[in-house]
*Asks:* 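Can you read through this structure? Questions will come right after.
What you see is a predicted model; the values in this text were computed from it and never measured.
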Amino acid sequence: MRWGLVLIALLALAGEAAAQSKGIRLWNLTTETITGFQLSPVGKPEFGPNQTLNDKDKEVDHDERLRITGIEPGRYDAKVTFPNARQCFVLGIEIKADAVFSIADKDLKDCTK
């Protein structure tokens, strides 16, 4: 019986710790709203799904954070799209587990309209 109570307590603590994990998040420090954000392993032109679809209004305003799903920690290139159809790249983003990474105007490269 005593081991059962210990096991229940450990499971409760593990569940609480998992619930507190916020996962990987993007912090938009650009001066614009982001309407598209796709990631690809560094150097590969294989961009994944639009992560802004994870947001309730499907875009990421300045100073807003966005939960990123479906990727593992590592180094990524990003394709960033803005409402005016401008598209830019951010190269070599280091993404860590359960951490926030940010992009700012100075990070945007090879922008087209």
Side-chain angles (χ1 to χ4, degrees):
M1 180 73 171
R2 185 170 152 218
W3 285 107
L5 292 175
V6 170
L7 182 59
I8 290 171
L10 287 174
L11 288 173
L13 287 174
E16 190 175 308
Q20 290 176 357
S21 170
K22 293 187 178 187
I24 298 169
R25 293 166 323 278
L26 160 69
W27 187 6
N28 179 12
L29 296 179
T30 69
T31 55
E32 297 181 67
T33 295
I34 295 173
T35 56
F37 188 82
Q38 297 171 273
L39 291 166
S40 174
V42 167
K44 296 184 180 180
E46 303 163 6
F47 288 93
N50 182 358
Q51 296 284 335
T52 63
L53 299 178
N54 299 335
D55 190 73
K56 63 183 173 192
D57 65 359
K58 312 298 185 231
E59 58 187 28
V60 187
D61 297 323
H62 166 74
D63 201 30
E64 183 179 2
R65 294 181 186 191
L66 171 70
R67 186 176 184 105
I68 302 296
T69 61
I71 65 157
E72 297 295 322
R75 294 188 73 74
Y76 291 86
D77 294 334
K79 187 186 324 181
V80 185
T81 307
F82 299 97
N84 61 1
R86 183 170 75 118
Q87 192 172 72
C88 302
F89 293 90
V90 180
L91 307 176
I93 301 168
E94 184 176 351
I95 296 178
K96 298 178 182 177
D98 295 323
V100 175
F101 67 94
S102 63
I103 62 168
D105 289 336
K106 66 178 177 52
D107 302 317
L108 302 174
K109 308 288 183 219
D110 300 324
C111 296
T112 60
K113 187 169 183 180

*Asks:* Got a donor-acceptor contact below 3.5 angstrom from the N54 side chain to the R67 backbone?
*Replies:* yes
*Asks:* Under a 4.5 Å cut-off applied to non-hydrogen side-chain atoms, are E32 and R86 in contact?
*Replies:* yes
*Asks:* Taking the side chain as every heavy atom from C-beta outward, state whether D63 and L29 have any atom pair closer than 4.5 Å.
*Replies:* yes
*Asks:* Begin with the C-alpha distance, continue with both residues' side-chain angles, and end with the deciding distance and a verdict on side-chain contact (heavy atoms from CB on, under 4.5 Å) for N50 and T81.
*Replies:* CA-CA 10 Å; N50 182 358; T81 307; over 6 Å; no
*Asks:* Can you name the nearest heavy-atom pair linking E59 to T35, along with the distance?
*Replies:* OE1-CG2, 4.0 Å
*Asks:* Hey, any chance V90 and W27 share a hydrophobic cluster, counting ILVMFWY side chains that come within less than 4.5 Å of each other, even indirectly?
*Replies:* no
*Asks:* Report yes if the side chains of F89 and L108 come closer than 4.5 Å at any heavy-atom pair, otherwise no.
*Replies:* no
*Asks:* Should Q51 and L26 be marked as a side-chain contact (heavy atoms from CB on, under 4.5 Å) after you check the CA-CA gap, both sets of side-chain angles, and the distance that decides it?
*Replies:* CA-CA 10 Å; Q51 296 284 335; L26 160 69; over 6 Å; no
*Asks:* Which value, rounded to the nearest 0.5 Å, describes the distance between F82 atom CZ and I34 atom CD1?
*Replies:* 5.5 Å
*Asks:* Look up atom CD1 in I95 and atom CD1 in I71, then write down how far apart they are to the nearest 0.5 Å.
*Replies:* 3.5 Å
*Asks:* So how far is it from D98 CG to I24 CD1, rounded to the nearest 0.5 Å?
*Replies:* 7.5 Å
*Asks:* Does D61 offer a backbone N or O that forms a donor-acceptor pair with the side chain of N28 under 3.5 Å?
*Replies:* yes
*Asks:* Between I93 and A78, what is the shortest heavy-atom contact and its length?
*Replies:* CD1-CB, 3.7 Å
*Asks:* Can you name the closest pair of heavy atoms from G92 and R75 and give their distance?
*Replies:* O-NH2, 2.8 Å
*Asks:* What are the two closest heavy atoms between R25 and V100, and how far apart are they?
*Replies:* NH2-CG2, 2.9 Å
*Asks:* List the atom of Y76, the atom of V42, and the distance in Å for their closest heavy-atom pair.
*Replies:* N-CG2, 3.5 Å
*Asks:* Locate the shortest heavy-atom distance separating P49 from Q38; write the atom from each residue and the value.
*Replies:* O-CG, 3.8 Å
*Asks:* Check for a donor-acceptor pair, side chain of D105 on one end and backbone N or O of T30 on the other, with a separation under 3.5 Å.
*Replies:* no
